[in-house]
Amino acid sequence: MSTPAAVLVTGASGFIGAHVTSQLLDAGYHVKGTARGAKLQRLQSVFGSNKNFEAVELDDIVSGDLTPTLSGVDAIVHLASPLAGRQAPEDALNSAIEGTLNVLRQAVKAGISRVVVTSSWATTLDPSLAATFAGVTFTEKDWGNTSCEDLLTDGRTPLYVYCGTKTLAELAGWEFAAKHRDLDLATINPPFVYGKPVDGLSTGGGITSLGSTALIYQLIAGEPGRPLPFQLPPYYCNVRDVARAHILALQLPKLPSGADVRDKRFIVAGPGVLLWADAVKVLQEKRPALRGRLPTLENAPPLPGPLSKVDTTRACEILGMKDYVDWEGTLLETIDALVDAEKSWK
């Protein structure tokens with residue numbers, strides 16, 4: 001895509017969305033960024049001085065009319081999606097699936113072919129995430145097995161529901177694209193996203209308002225000497241790398257006729273893994289002032305099985321995502337940002 005083109009970014013005030021917006025503006029694109037309520041004002045205060053930026057209020061991504069918002073737009077980056085545990089499961093399902101489909105339908109109606117959607121690595125396995133410790137390799141050909149009925153079963157954790165809704169929303173997007181071949185759809189599928197928020201858009205609402213960085217915050221929140229947090233899948237991607245992948249996907253040429261519509265599905269992930277025990281060791285050494293806030297490494301449980309791998313070959317070869325911020329740099333960047341954010345919570 002030539003620059004300067006106009007790109008609509010839904011969820012532009014969010015953790016990833018703000019970085020996508022920032023990098024698009026740095027690259028010379030015109031950006032319409034959507035948000036609602038107080039987030040719209042914050043978005044305007046951060047990016048409003050850039051003549052290429054326009055903040056747009058969008059209250060209803062699920063069923064709202066996007067016609068005025070899409071006026072003059074050449075491409076869409078769709079990031080707006082509910083965070084884990086923020087909505088009842090049924091509402092989260094509706095927001096994720098129908099929000100994605102509403103954006104795609106109205107893109108086609110407006111004659112906009114190029115759309116990049118933020119998905120997740122978690123769509124490549126069942127929402128239990130048990131395959132993390134099964135010694136397999138995850139690629140873009142893999143899909144988790146779930147259904148609306150599965151996700152609405154009593155007792156499902158917020159993370160289970162979140163992962164399942166991402167799977168169903170992405171599948172719905174690809175099914176729509178298969179029926180509308182003029183649509184040039186790409187998805188970016190990172191694992192847990194960490195890093196530093198865009199200045200001015202960090203949350204002031206405490207730990208309950210954090211997204212994925214709340215998982216890192218566990219390492220410095222709680223009683224000294226507590227056990228390590230439960231080891232979630234240790235795959236990660238720095239938020240700046242995730243944003244960069246979205247912009248690279250925008251710039252790809254349209255798929256040739258007859259190609260698999262899903263050929264622009266890309267897993268992006270940093271090298272290595274971010275295990276909590278290793279993270280604590282790094283923080284003990286590199287951030288000694290935090291030693292009194294860290295969990296103990298005594299009696300740390302072993303991993304429940306052989307750690308699986310995440311294959312990022314396609315993102316490397318097609319997107320050009322050859323270099324990523326490593327796990328130690330991402331960890332320290334995230335911790336420093338969280339410690340700084342704490343000052344506004346008190």
Side-chain angles (χ1 to χ4, degrees), residues 1 5-12 14 16-17 20-21 24 29 31-36 56-82 87 91-120 122-123 140 143-144 146-148 162 164-190 242 245-257 259-267 319:
M1 173 176 290
V7 181
L8 176 70
V9 179
T10 71
I16 302 173
V20 170
T21 299
L24 283 169
Y29 289 88
V31 178
K32 281 187 176 183
T34 75
R36 59 184 179 178
V56 180
E57 187 160 20
L58 184 58
D59 289 326
D60 184 7
I61 195 75
V62 172
S63 59
D65 180 9
L66 306 183
T67 302
T69 306
L70 293 175
S71 177
V73 167
D74 302 299
I76 301 170
V77 179
H78 176 50
L79 299 108
S81 186
Q87 293 180 320
D91 293 335
L93 266 170
N94 186 59
S95 295
I97 297 171
E98 292 305 319
T100 298
L101 289 176
N102 189 42
V103 168
L104 297 181
R105 288 188 197 107
Q106 298 203 39
V108 169
K109 180 182 175 183
I112 299 167
S113 62
R114 189 151 301 189
V115 182
V116 178
V117 173
T118 310
S119 188
S120 171
T123 63
E140 287 85 356
W143 286 94
T146 189
S147 65
C148 291
Y162 172 79
T165 59
K166 295 299 279 188
T167 299
L168 296 181
E170 189 188 341
L171 281 169
W174 288 121
E175 289 168 6
F176 182 90
K179 296 173 183 175
H180 299 82
R181 292 307 298 249
D182 286 342
L183 183 65
D184 185 13
L185 179 63
T187 66
I188 303 301
N189 297 58
V242 176
H246 284 76
I247 296 163
L248 290 170
L250 273 182
Q251 297 168 346
L252 289 176
K254 187 173 176 61
L255 291 173
S257 177
D260 185 342
V261 71
R262 299 180 185 182
D263 275 353
K264 288 188 177 181
R265 187 184 193 217
F266 299 105
I267 297 174
L319 287 182

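Below, each value reflects all heavy atoms present in this structure, side chains not excepted, and no hydrogens, waters or symmetry copies. What you see is a predicted model, and the numbers here were worked out from it, not measured in a lab.
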> After noting the C-alpha distance and the side-chain angles of Leu255 and Val261, does the key distance pass the side chain to side chain contact (heavy atoms under 4.5 Å, CB included) rule?
Replying inline: CA-CA 8 Å; Leu255 291 173; Val261 71; 5.6 Å; no
>> Working note: Leu70 + Ile76, criterion side chain to side chain contact (heavy atoms under 4.5 Å, CB included); need CA distance, chi angles, decisive distance, verdict.
In response: CA-CA 9 Å; Leu70 293 175; Ile76 301 170; 3.7 Å; yes
> Can you list the steps and then say if Val117 with Val103 is a side chain to side chain contact (heavy atoms under 4.5 Å, CB included)?
Replying inline: CA-CA 10 Å; Val117 173; Val103 168; over 6 Å; no
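Summarising the geometry of Gly72 relative to Ala6, their closest heavy-atom pair is O-CB, 3.2 Å, with the distance given to 0.1 Å. The shortest heavy-atom contact between Val115 and Ala107 is CG2-CB, 4.1 Å. In plain terms, the two heavy atoms of Val77 and His246 that are nearest each other are CG1-CD2, 3.6 Å. Nearest heavy atoms, Ala75 versus Leu250: CB-CD2, 3.8 Å. Contact record, Val73 with Thr69: CG2-O, 3.6 Å, taken as the closest heavy-atom pair. Counting all heavy atoms, side chain and backbone alike, Val116 lies closest to Ala249 at CG2-CB, 4.0 Å.
Note that the OG atom of Ser120 and the CD1 atom of Ile188 stand 12.0 Å from one another [nearest 0.5 Å]. From Leu66, atom CG reaches atom CD1 of Ile61 across 5.5 Å, with rounding to the nearest 0.5 Å. The distance from atom OG of Ser113 to atom CZ of Arg181, rounded to the nearest 0.5 Å, is 13.0 Å. Atom CD1 of residue Ile112 and atom CG of residue Asp182 lie 13.0 Å apart, to the nearest 0.5 angstrom.
Counting only heavy atoms from C-beta outward, the side chains of Ile247 and Val7 never approach each other to under 4.5 Å. For the pair Arg262 and Leu171, the minimum side-chain heavy-atom distance is below 4.5 Å. Between Tyr29 and Asp74 the shortest side-chain heavy-atom distance does not fall below 4.5 Å.
Between the side chain of Asn102 and the main chain of Gly64, a donor-acceptor pair closer than 3.5 Å is present. Although no hydrogens or angles enter the test, the distance criterion places a donor-acceptor pair under 3.5 Å between the side chain of Arg114 and the main chain of Leu252. Judged by distance alone, the side chain of Thr165 and the main-chain N or O of Tyr162 form a donor-acceptor pair under 3.5 Å. With Glu170 contributing its side chain and Ser119 its backbone, the two residues share no donor-acceptor pair below 3.5 Å. The main-chain N or O of Asp184 is never found under 3.5 Å from a side-chain atom of Lys264 such that the two would form a donor-acceptor pair. Judged by distance alone, with hydrogens and angles left aside, the side-chain atoms of Thr34 form a donor-acceptor pair with the main-chain N or O of Gly11 at under 3.5 Å.
When the options Leu185, Val108, Thr100 are evaluated for a side chain to side chain contact (heavy atoms under 4.5 Å, CB included) with Phe176, the one that passes is Val108. When each of Leu104, Thr10, Leu8, Thr118 is tested with His78 by the rule side chain to side chain contact (heavy atoms under 4.5 Å, CB included), just one qualifies, namely Thr10. When Arg265, Lys166, Glu140 are each tested for a side chain to side chain donor-acceptor pair (under 3.5 Å) with Thr123, only one passes: Arg265.
In the displayed structure, Lys254 atom NZ is contacted under 6.0 Å by more than 12 heavy atoms of other residues, nucleotides or ligands.
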